[in-house]
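Some notes on the structure that comes next.
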Protein chains: 2
Amino acid sequence: MSQTVDRALSILPLLAEGPADLGQVAERLGVHKSTALRLLRTLHEHGMVYRQSDQRYRLGARLIALAQEAMENLDIREIAHPHLVRLNESCGHTVHLAVYEDDEVLYIDKVESRYPVRMYSRIGKPVALTVAAVAKLLLADLPEAERRALAGTLEYPLYTARSTPDAPAFLEELARVREQGWAVDLGGHEESINCIAAPVRGADGRVVAAMSVSAPNVVVTAEELLTLLPQLRRTADAVSGEYSGRTTAKEPA
Amino acid sequence: MSQTVDRALSILPLLAEGPADLGQVAERLGVHKSTALRLLRTLHEHGMVYRQSDQRYRLGARLIALAQEAMENLDIREIAHPHLVRLNESCGHTVHLAVYEDDEVLYIDKVESRYPVRMYSRIGKPVALTVAAVAKLLLADLPEAERRALAGTLEYPLYTARSTPDAPAFLEELARVREQGWAVDLGGHEESINCIAAPVRGADGRVVAAMSVSAPNVVVTAEELLTLLPQLRRTADAVSGEYSGRTTAKEPA
DNA sequence: CGAGTCTGTTGCAGTGTGTGCAACGTCCAT
DNA sequence: ATGGACGTTGCACACACTGCAACAGACTCG
């Protein structure tokens, strides 16, 4: 791989933490100031970083524009979005859409809860693989070999007492999820937050995305949340149908 | 600037148009396939591009995550402050910056008038929603439903004879403000104080903040204050540009 | 079934490109 | 004035990047 590009790209996550000046960037990269300057200049010319009035650098607009374009190209998102909105209107809770990519599961869309108490999440943010309901669905659909290999390399942080403890337990959970066609996370990531998820499938039956409904204990109990499962599954199935071309969003009048 | 990084970054907008394979990337960059491969590999390691099942490359998830993080860290106050100062230096009056948060409008920055007679205000203090010029701008940008709901729950205290009397009048005023893109408060809060305001908009056009110039009657008449409107709007637009990353504060000479 | 042609990938040698250094300019505080 | 901190520039060296050519695998066609 390319050293120069590697260094340049390493600057971006660094700046994502907050603005930094030339010296800080150079130090954290472990290179000379002049080197850092040239990298930053190149990034600047491409609009990836932006120089604010105090001369410090922060991430630039082009990055945001590119990301927006990237998301627009995810057609699953486009199709699913109105369904997420409708689901949120009906139940009021936070609704997420997630996909699997390069050993990560990421939220690619989200409709905020209409309750004042909300869970924190961010579009684009990698999800806790071993506990999140959407992650279980997406990973459960991987080929057997890949699934076992991945389970072996993962870490199993004990966010709470109910977090998945180790690889065998995880593989067992994935098998159950695969079997039943939906998944839950009952306080496995944050003690007080529960989550149910259902798969969106492509024409070939492969799981292409997962959608979920999340709510804190203080708003609804786990049992109450589970009563939403049929509605969630119907919504996910509707998205699946549309994505695989079997049905359309609105029948032509 | 760096050739290697320049080439690597040029790949991103290219992929934003749609997925492309190695050959296409190499051709459009004007480099050998092997060169393009190494660049793509480096981008891939940083999650900036993703290799889909048909081996073609797409923009990657980390790009989305970075952009999202960047947007969270944007600090309007930091960006706007020097502009407020400059505006104050030019006109001498009190300049405010306000945001909408949880059914309240708050001043988050202020540059004091250079005239001896000043209006009283405090950073962090909630603003009188029904009369303040900045509040009108921020509320006028809310979704129709939310705006109507909020207007219904508000109280309409008659600070002065020119205060907004009730919900219908308020909604009408908001519609006008929304239409014209700026707002005034002529003695609606304190009999002797006038105020003009203009919106700061994010990349998506949503109003993220409002800035205002306030002055008591004894210093300038309402008509005189209104002559500052173009300058105020230009300043607000400059902040908008910077906030959404379209422009930079100062290009390095 | 094997020749042909597409892909993507790897090792290598030359050199052009990125590197660190040192010196300079500027700003600010003392 | 004087020192320090910071961004910037020019330069000589070396090394990281480049393009080439050869290889490997998938696929198509006769």
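The structure displayed is predicted, hence computed values, not measured ones. Chain naming here is simple, since letters A, B, ... match the order of the sequence lines and numbering starts at 1 in each.
- A straight line from CD of B/Q55 to C1' of D/dA26 spans 10 Å, rounded to a whole angstrom.
- Here D/dC6 presents its P atom at 14 Å from OH of A/Y57, a figure rounded to the nearest Å.
- B/N194 and B/N217 share a side-chain donor-acceptor pair at under 3.5 Å.
- Salt bridge present: A/E17 and A/R28 bring a charged side-chain N and a carboxylate O closer than 4.0 Å.
- Against DNA chain D, the stretch residues 15-37 of chain B makes heavy-atom approaches under 4.0 Å through B/V31, B/H32, B/S34, B/T35.
- Ring-plane geometry between A/H189 and A/Y159 is classed as perpendicular, the angle between the planes exceeding 60 degrees on a 0 to 90 degree scale with a lower cut at 30.
- Rounded to an integer number of Å, the gap from CZ of A/R41 to C1' of D/dG7 is 9 Å.
- Classification of the B/H96-B/Y107 ring pair by plane angle, with boundaries at 30° and 60°, yields parallel.
- When the P atom of C/dT7 is taken as reference, atom CZ of B/R51 falls 13 Å away, rounded to whole Å.
- Under 4.0 Å is where a charged nitrogen must lie from a carboxylate oxygen, and between B/E112 and B/K110 at least one such pair does.
- Not one side-chain nitrogen or oxygen of B/R56 sits closer than 4.0 Å to the OP1 or OP2 atom of C/dG8.
- Looking only at side-chain heavy atoms (C-beta outward), B/V127 and B/L106 stay at 4.5 Å or farther from each other.
- Each end of the helix from C/dC1-D/dG30 to C/dT30-D/dA1 gets its own rotation axis from five pairs of C1' atoms, and the angle between them is 30° to the nearest 10 degrees.
- Ion pair A/R176/A/E173 flagged as a salt bridge, since at least one NZ, NE, NH1 or NH2 atom sits closer than 4.0 Å to an Asp/Glu carboxylate oxygen.
- Between A/H44 and A/Y50, every side-chain heavy-atom pair lies at or beyond the 4.5 Å cut-off.
- The pair A/E45-A/R62 does not meet the salt-bridge criterion, since no charged nitrogen lies less than 4.0 angstrom from a carboxylate oxygen.
- The interatomic distance linking A/H44 (NE2) with D/dT8 (C1') rounds to 15 Å, in whole Å.
- Residues from residues 3-12 of chain B lying near DNA chain C, meaning a heavy-atom separation below 4.0 Å, are B/Q3, B/T4 in numerical order.
- When rounded to the nearest whole Å, the span between CZ of A/R38 and C1' of C/dG20 equals 8 Å.
- A salt bridge between A/R206 and A/D204 is absent, with no side-chain N of the basic residue lying under 4.0 Å from a carboxylate O of the acidic one.
- Ion pairing between a basic and an acidic side chain is recognised when a charged N comes within 4.0 Å of a carboxylate O; A/D109 and A/R77 show such pairing.
- One interatomic measurement links the two molecules: CG of B/D54 to C1' of D/dC27, which rounds to 15 Å at whole-angstrom precision.
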